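Side chains included, hydrogens not; waters and symmetry mates left out as well; all remaining heavy atoms used. Each chain gets a letter, A, B and so on, in the order the sequences are listed, and its residues count up from 1. Since we're looking at a predicted model, the values are computed, not measured.
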Amino acid sequence: MVKTFLLPQVIDDGRLDAILKLISLAKSYSHEKKKLTLDWSKTKALSPAGYAIMSCVFDFLVEQKTETKNIKMSKKLLDIAVVSNLKNIQNFTSLPAPNINNTENPNLIVRGVEGGINTLFTERLDEKFSDKISEDILYAGKLIINELMQNSHDHSTAERYYMYAGLWNGEFHIGLLDMGITIPAKLEQKYTRQNDIEYLELSFEKGSSTRRQRTGGFGLYYFFEFLKENEGKLTLLSRNAQIRRYFKTRRSQKNILKYPLPGTWCFARFILGGK
Amino acid sequence: MTYVNIRKDFSGDYVTRAAGEDLRKIILEADSKNRKIEIDFSGITIASTSFFDEGFAKLADSGWTMEKLKTQIILKEINPRDRMILLEMCNNRGMR
């Protein structure tokens, strides 16, 4: 049996239901030996987050050994490393190094990192964006990426993660995605909460940490403060929950995901020329 | 005087708690020898609460005060936002 999955017009961090459904399908189809076809006919572009999202999808499909075919990919999209790798996914019998999906152009940087901390990414942010965005936003971006990188390394024990930063529709987008141990799974070792939304909220509180040595728990709290100061927007997904916070309007959306994410994805956005 | 150049001596990691702990050990070692320490941040932005918390704020656990921090450590060319985070982390740890 073959299931055709229609990808969205723009792959970004806006509506993630479709992508999460794809990940869930890939898992079950691998188990049931069914085939998956990705239909790219509607897809016109990938936002900066979209590059990292599809890198995680690529890794997941390769790892799950889901038999995948791609149809109706535009030539323009094939210039993108991760799209090209997805097109040739049948050639990958084992997971390649994540840097295979690395991308860089004047307005974008995407890096796949295997283990450890990569300080070169934040240094590259300076070189790439210092003349395009304010020092405040650039600093906030670095603070965010440094905290996410450490969280991914220390807590999720993911062997790899993807970071991205880029300019998109008058905004600066930055974030980190991993497919490791989720925030709720880690926090429930130490704390008890009703559901995954509450675990995600807990992760932003000052002093919440599961670390036994080198205790701390300030990182996510401070990165929240910087988002507030710069009127940013934050989306955090982990396991069964999602939180979206819009600091300019002080709105917040929290919901249980229809399809779970076996990892943690964090996306931040700043409006350029706003505040 | 003990000199530390972050870019040179902490190349590859000036972000994590482990790196911050290494810096704190250098500071305490210098202090045990009654030496002042100059930490050079030129050409680098840290932007990591973990590094500052572990490297500086936890000196409070060894009895350091804000006054001692200011007299014993010279923060050379530190980014103003980094300085703000550093001081806030020290404050969080009860350093007065």
Novice: What distance do Thr16(B) atom OG1 and Met149(A) atom CE have between them, rounded to the nearest 0.5 Å?
Specialist: 9.0 Å
Novice: Would you say the side chain of Asp126(A) lies within less than 4.5 Å of the side chain of Thr45(B), judging by non-hydrogen atoms?
Specialist: yes
Novice: Need one label for Asn79(B): side chain, backbone, both or neither, based on atoms under 4.5 Å from any heavy atom in chain A.
Specialist: side chain
Novice: Tell me whether the count of non-hydrogen atoms from other residues, nucleotides or ligands lying under 6.0 Å of CD in Glu127(A) goes above 12.
Specialist: yes
Novice: Side chain of Asn146(A), backbone of Val15(B): donor and acceptor closer than 3.5 Å?
Specialist: no
Novice: With a 4.5 angstrom heavy-atom cut-off, is it the side chain or the backbone of Ile85(B) that approaches chain A, or both, or neither?
Specialist: side chain
Novice: Would one find more than 12 heavy atoms of other residues, nucleotides or ligands at under 6.0 Å from atom CD of Glu104(A)?
Specialist: yes
Novice: Does Tyr139(A) reach the side chain of Asp82(B), with side-chain heavy atoms less than 4.5 Å apart?
Specialist: yes
Novice: I'd like to know whether NZ of Lys70(B) has more than 12 heavy-atom contacts from other residues, nucleotides or ligands below 6.0 angstrom.
Specialist: no
Novice: As an exercise, state the distance from CD1 of Ile46(B) to CG of Leu143(A), rounded to the nearest 0.5 Å.
Specialist: 11.5 Å
Novice: So which part of Asn118(A) gets closer than 4.5 Å to some heavy atom of chain B, the side chain, the backbone, both or neither?
Specialist: neither
Novice: Where along residues 261-269 of chain A does a heavy atom come under 4.5 Å of chain B, listed by residue number?
Specialist: none
Novice: Side chains of Arg81(B) and Asp136(A), heavy atoms from C-beta outward: is any pair under 4.5 Å?
Specialist: yes
Novice: Begin from the C-alpha positions of Ser50(B) and Gln150(A) and carry the test side chain to side chain donor-acceptor pair (under 3.5 Å) through to its verdict.
Specialist: CA-CA 9 Å; Ser50(B) 304; Gln150(A) 287 177 85; 3.1 Å; yes
Novice: According to salt bridge (charged side-chain N to carboxylate O under 4.0 Å, His left out), who are the partners of Arg160(A), at least two apart in sequence or on a separate chain?
Specialist: Asp59(A), Glu114(A)
Novice: Residue by residue, scan residues 27-40 of chain B and write down, ordered by number, those that have a heavy-atom distance under 4.5 Å to chain A; if none do, write 'none'.
Specialist: none
Novice: Pull out the residues in residues 5-14 of chain B that come under 4.5 Å of chain A, heavy atom to heavy atom, sorted by number.
Specialist: Arg7(B), Gly12(B), Asp13(B), Tyr14(B)
